[in-house]
2 protein chains.
Amino acid sequence: MGERAAHEAARVEVERRVAHLVAVAKEAGVKLTHQRLEIFRELASTEAHPDADTIFRAVQQRMPTVSIDTVYRTLWMLHDLGLVTTLGPSRHAVRFDANLAPHHHYVCVRCGLVRDFDSEALNALQVPDKVGQLGSIIDAHVEVRGLCAACQGAE
Amino acid sequence: MGERAAHEAARVEVERRVAHLVAVAKEAGVKLTHQRLEIFRELASTEAHPDADTIFRAVQQRMPTVSIDTVYRTLWMLHDLGLVTTLGPSRHAVRFDANLAPHHHYVCVRCGLVRDFDSEALNALQVPDKVGQLGSIIDAHVEVRGLCAACQGAE
DNA sequence: TCCGAGTTGCGTATCAGACGCATCTAGGAA
DNA sequence: TTCCTAGATGCGTCTGATACGCAACTCGGA
C-alpha cells in the first residue's frame, strides 16, 4: 500500500468511526457538540493513545476556547458509550484508544510511547482456564515492552 | 500443594527476593535502611501490584514515622536497580511489581485489581517480526481484562 | 567509636483530574 | 424558522498524587 493510499485508508477509517459516534450518540440521546466531535476526531485520528492533556492541546489548536474539563468529561462519556477504551489499570493518567478492533500494544518503557500492532496469531491466543476463576473475561491482548527507536537514539 | 505448604513457599520466595536486594544494594553502594527493607518486603510479599500509597499505608502500620516521600523514592530506586518493574505506560499512578519472572496479568476494568497468572504456553508466544522495527523488545506478556468476582457481585 | 556520604521527613510546590454553578447551546417542538 | 429546555460548557476552586529543597539523621566503612 502506497503512502497516498494508506493516508486515504486512514481518513476513511476516521470517518467510519465518526459516523459510528453519531449513530451511538443519537441512540443514547446525548448531544453532539462541536467540542465532542473535535475531541473524538482527534482521538480517532491517532494510534498514539494520547492522554487527556495531549488531546486537549491538540483540540485547542482548532478550538481555542475548549476547556480541559470538557475533554475529561467527553472522554469518559465516550468510554461509557463503548466508543473508546483505556490503557492501563488505573483511572489516573489514563490513555485512551478509539481502536475497538482486536490489537496489541508496543510500549516504550522510557518515554511511554504506545503503538498498536496486529497479529492474527496473537488474536487467537488461549487464556488458561484458571483465569476464569478471577472474574469475567472481556478481552486479552499482548503488551510488548521495550525501548523505542527514538529513545535508543537518545541513550 | 496444601494451604500450609503454599504459605511456606511464599515466605521462602520473599526471603529469596530480600537476599537479592541485599546483594544488589551492596553491589550498587546504596544503603540498606530499615525503611527500604520494609518497603521492599511489603512489595515482595504481595501479588496485588500495589501503588505507592497502598505500600505506604501498609508499611506505616509497622513503622509509623515513614513518609510517603521515602516510599516514592525507594520504589524508583528499586526500579533503577532492576529489582521491581512497573505496570502501565505512565509514570503517574504507577503500580509496582517485584515478580521478575515471566508472568501475565488479569486486570479488573472496574476496580483496577491486578492478579498474576502463569502460563507456559503464553510465555512462549511469538511477537511478529515487524514489532522489532518499533524498538528493542524487553519482554512481552498477556493482559487479560475483565470484571473481577468482587465487582460482579457488586453489580 | 567516629565520621561523612547518602538518606530521611517535613514543608511546600506542582500537576492531573474532578466538582459546583452560572451561562450557553443542540436539536426537537411549534 | 423560531422557541425552549434538558443537557453541556467553562470558570473558579478543591482534592489527591507526586516531587523537590533542606536541615537533621543514620548506615556502614575506617
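Below, chain A is the first sequence line, B the second, and so on; all start at residue 1.
Over its full length, the helix from C:dT1-D:dA30 to C:dA30-D:dT1 turns its helical axis through 30°, comparing axes from the five pairs at each end and rounding to 10°.
Put simply, the side chain of B:Lys130 gets close to the backbone of A:Asp118: a donor and an acceptor are under 3.5 Å apart. Between the side chain of B:Arg41 and the backbone N or O of B:Val18, no donor-acceptor pair lies under 3.5 Å.
The one candidate from A:Leu37, A:Thr54, A:Val66, A:Thr74 that meets the side chain to side chain contact (heavy atoms under 4.5 Å, CB included) condition with A:Val59 is A:Val66.
Rounded to a whole Å, the CD1 atom of A:Ile55 is 11 Å from the P atom of C:dG17. Summarising the geometry, the separation between CZ on B:Phe56 and P on D:dG16 is reported as 14 Å, rounded to the nearest angstrom. Rounding to whole angstrom units, CD1 of residue A:Ile68 and P of C:dA18 are separated by 10 Å. Atoms CD (A:Glu38) and C1' (C:dT25) sit 17 Å apart, rounded to a whole Å. Rounded to whole angstrom, the span from the CG atom of A:Leu37 across to the P atom of D:dA8 amounts to 14 Å. One atom, CG of A:Leu32, and another, C1' of C:dG28, lie 14 Å apart when rounded to the nearest Å. Straight-line distance from the CG atom of A:Asp51 to the P atom of C:dA18: 12 Å, rounded to whole Å.
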*Kindly indicate, with the supporting measurements, whether the criterion side chain to side chain contact (heavy atoms under 4.5 Å, CB included) is fulfilled by A:Thr33 and A:Thr70.*
CA-CA 11 Å; A:Thr33 62; A:Thr70 298; 6.0 Å; no
*Check the pair A:His104, A:Asn123 against side chain to side chain contact (heavy atoms under 4.5 Å, CB included), reporting the backbone distance first and the verdict last.*
CA-CA 8 Å; A:His104 309 276; A:Asn123 289 351; 2.7 Å; yes
*Could you please spell out the steps behind the side chain to side chain contact (heavy atoms under 4.5 Å, CB included) verdict for B:Leu43 and B:Leu75?*
CA-CA 9 Å; B:Leu43 182 58; B:Leu75 289 170; 4.0 Å; yes
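Of all nucleotides listed (C:dA16, D:dC27, D:dT18), D:dC27 comes nearest to the side chain of B:His34. Nearest nucleotide to the A:Trp76 side chain, out of C:dA18, D:dA17, D:dC27: C:dA18.
A salt bridge does not link B:Glu8 to B:Arg4: none of the charged side-chain nitrogens sits closer than 4.0 Å to a carboxylate oxygen.
B:His105 and B:His141 have perpendicular rings, their planes meeting at more than 60° on a 0 to 90° scale where under 30° would count as parallel.
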_Summary of protein contacts for nucleotides 4-10 of chain C, nucleotide by nucleotide, where a base hit scores B, a sugar-phosphate-only hit scores S (4.0 Å, heavy atoms)_ = BBSSBBB
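A close approach under 4.0 Å does not occur between any side-chain nitrogen or oxygen of B:Tyr72 and OP1 or OP2 of D:dA19.
Note that CD of A:Glu42 is 9.5 Å distant from CD of A:Gln61, once rounded to the nearest 0.5 Å.
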